[in-house]
Number of protein chains: 2
Amino acid sequence: MGSPQQRYQQILCKLRESNHKLTPQRLAIIDILVHSRSHPTVEAIFEMLQEDFPTMSLATVYRNVVLLKSLGEVLEIGFPDGSNRYDGNKPYPHPHAICVRCKKIVDPDLRALGNLTAQVRQRTGFKILTHRLDFFGVCRDCLQSENQTKGVGR
Amino acid sequence: MGSPQQRYQQILCKLRESNHKLTPQRLAIIDILVHSRSHPTVEAIFEMLQEDFPTMSLATVYRNVVLLKSLGEVLEIGFPDGSNRYDGNKPYPHPHAICVRCKKIVDPDLRALGNLTAQVRQRTGFKILTHRLDFFGVCRDCLQSENQTKGVGR
DNA sequence: CAGATATTGATAATCTTTATCAAATAATAA
DNA sequence: TTATTATTTGATAAAGATTATCAATATCTG
């Protein structure tokens with residue numbers, strides 16, 4: 001749903017609509033969020049900005065992520081260990097496959113999710129607003145390096 | 001998969017197998033976990049124990065929850081806002097329906113999840129170990145009280 | 001360009017969870 | 001039953017992540 005450039009413009013629209021100012025720091029954070037495929041952490045975003053904005057405060061990154069979240073333009077993915085990661089490309093709920101080794105996150109496209117939502121509504125009586133679906137496992141790369149160290153063959 | 005009593009005994013087995021001691025505090029925490037249907041927080045467990053164990057330390061609850069988690073006998077359900085809740089009845093992954101108003105959590109039984117896992121394996125190359133599926137919405141009770149305050153009718 | 005307001009940076013405060021360590025306790029064997 | 005040993009507990013400090021505070025700065029509107 002939209003190239004990084006389109007996402008960037010869409011977010012700028014939302015900000016203008018809601019009377020928020022377009023500061024260089026804010027724009028840089030958005031730029032990273034819409035271009036990144038890695039679902040970065042706040043810390044990672046902060047580090048990526050160090051070069052261009054040496055005086056950037058960590059609080060600024062937190063504030064802007066919270067703002068974009070409240071505007072529905074960023075998806076927060078929080079984990080039991082307390083870490084949070086952010087997706088500015090697809091701010092709507094979608095499944096994730098997360099590597100427990102290297103922490104890589106990829107987005108598999110699955111059908112049949114609307115189906116599940118309807119089932120839950122029926123069985124629980126809940127009005128469903130959103131959902132969260134994560135698969136945890138080991139990615140192909142980590143499986144390979146695992147096999148190498150195990151010494152398959154001889 | 002097992003009544004609270006059965007779960008209780010099963011957890012005791014696991015503890016003995018792994019050479020852990022059966023302290024009154026530990027047993028009380030397990031008792032709450034296997035009998036509770038509310039997916040309690042650590043804080044909630046701590047408060048429930050105040051009556052019987054006035055000197056109970058919060059750290060003890062944390063320690064035992066971590067232990068039971070590591071033994072695979074408790075499922076941790078962490079949320080983006082940082083809160084964690086625990087399920088000692090069904091320590092294996094299963095879907096949840098969570099009320100965003102009253103924070104109630106219920107377990108709808110859904111089929112077709114093994115299906116999804118296979119799909120993810122195919123499309124990502126991941127070896128899937130576990131998953132997490134949560135639906136967020138408003139439960140029947142909260143929907144009703146919402147309608148009342150809205151003054152349906154006149 | 002000037003004025004009003006939002007945002008930033010620096011840092012303190014908060015909140016949750018983990019680590020530390022002496023004292024208490026459970027399991028084991030004599 | 002008692003002594004021994006290792007684990008666990010309670011109290012508290014420490015750590016880590018996020019939020020709040022507030023003066024200084026920068027943006028937007030006209």
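Not measured: the values here are computed from a predicted model. Reckoned from all heavy atoms, side chains included, excluding hydrogens, waters and symmetry mates. Every chain is numbered from 1, with letters handed out A, B, ... down the list of sequences.
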* With heavy atoms under 4.0 Å as the rule, sort Arg26(B) into base, sugar-phosphate or nothing. => sugar-phosphate
With the side chain of [X] defined as its heavy atoms from C-beta on, choose the nearest nucleotide among [options].
X: Thr60(A); options: dG10(D), dG9(C), dA26(C); value: dG9(C)
X: Asn64(B); options: dT9(D), dA27(C), dT7(C); value: dT9(D)
X: Lys21(A); options: dA6(C), dT18(D), dG10(D); value: dA6(C)
X: Met56(A); options: dG9(C), dT9(D), dA26(C); value: dG9(C)
X: His20(B); options: dA27(C), dT8(D), dT16(C); value: dT8(D)
X: Arg63(A); options: dC28(D), dC22(D), dT17(C); value: dC22(D)

* To do: Return yes if some donor-acceptor pair links the side-chain N/O of Glu47(B) with the main-chain N/O of Ala44(B) below 3.5 Å, else return no.
  => no
Integer-rounded Å distance: [N] [atom2] and [X] [atom1]:
X: Phe79(B); N: dT18(D); atom1: CZ; atom2: P; result: 17 Å
X: Phe46(A); N: dT8(C); atom1: CZ; atom2: C1'; result: 13 Å
X: Leu67(B); N: dT18(C); atom1: CG; atom2: P; result: 13 Å
X: Phe53(B); N: dT25(C); atom1: CZ; atom2: C1'; result: 13 Å
X: Leu58(A); N: dA10(C); atom1: CG; atom2: C1'; result: 11 Å
X: Leu22(A); N: dT29(D); atom1: CG; atom2: P; result: 9 Å
X: Tyr62(B); N: dA11(D); atom1: OH; atom2: P; result: 16 Å
X: Arg16(A); N: dT27(D); atom1: CZ; atom2: C1'; result: 13 Å

* Closest heavy-atom contact between Leu143(B) and Gly125(A)? -> CD1-O, 3.9 Å
* Can you name the nearest heavy-atom pair linking Pro93(A) to Thr130(A), along with the distance? -> CG-OG1, 3.3 Å
* **Sole residue of Arg121(B), Arg132(B), Gln119(B), His131(B) in side-chain contact (heavy atoms from CB on, under 4.5 Å) with Phe135(A)** => His131(B)
* Earlier contact from the 5' end, DNA chain C, for Asn19(B) and Val66(B) -> Val66(B)
* To do: Answer yes or no: are there more than 12 heavy-atom neighbours, outside Arg123(B) itself, under 6.0 Å from its atom CZ?
  => yes
Counting just side-chain N and O atoms, does [X] come under 4.0 Å of either OP1 or OP2 of [N]?
X: Ser57(B); N: dT9(D); result: no
X: Gln25(B); N: dT25(C); result: no
X: Thr23(A); N: dT8(C); result: yes

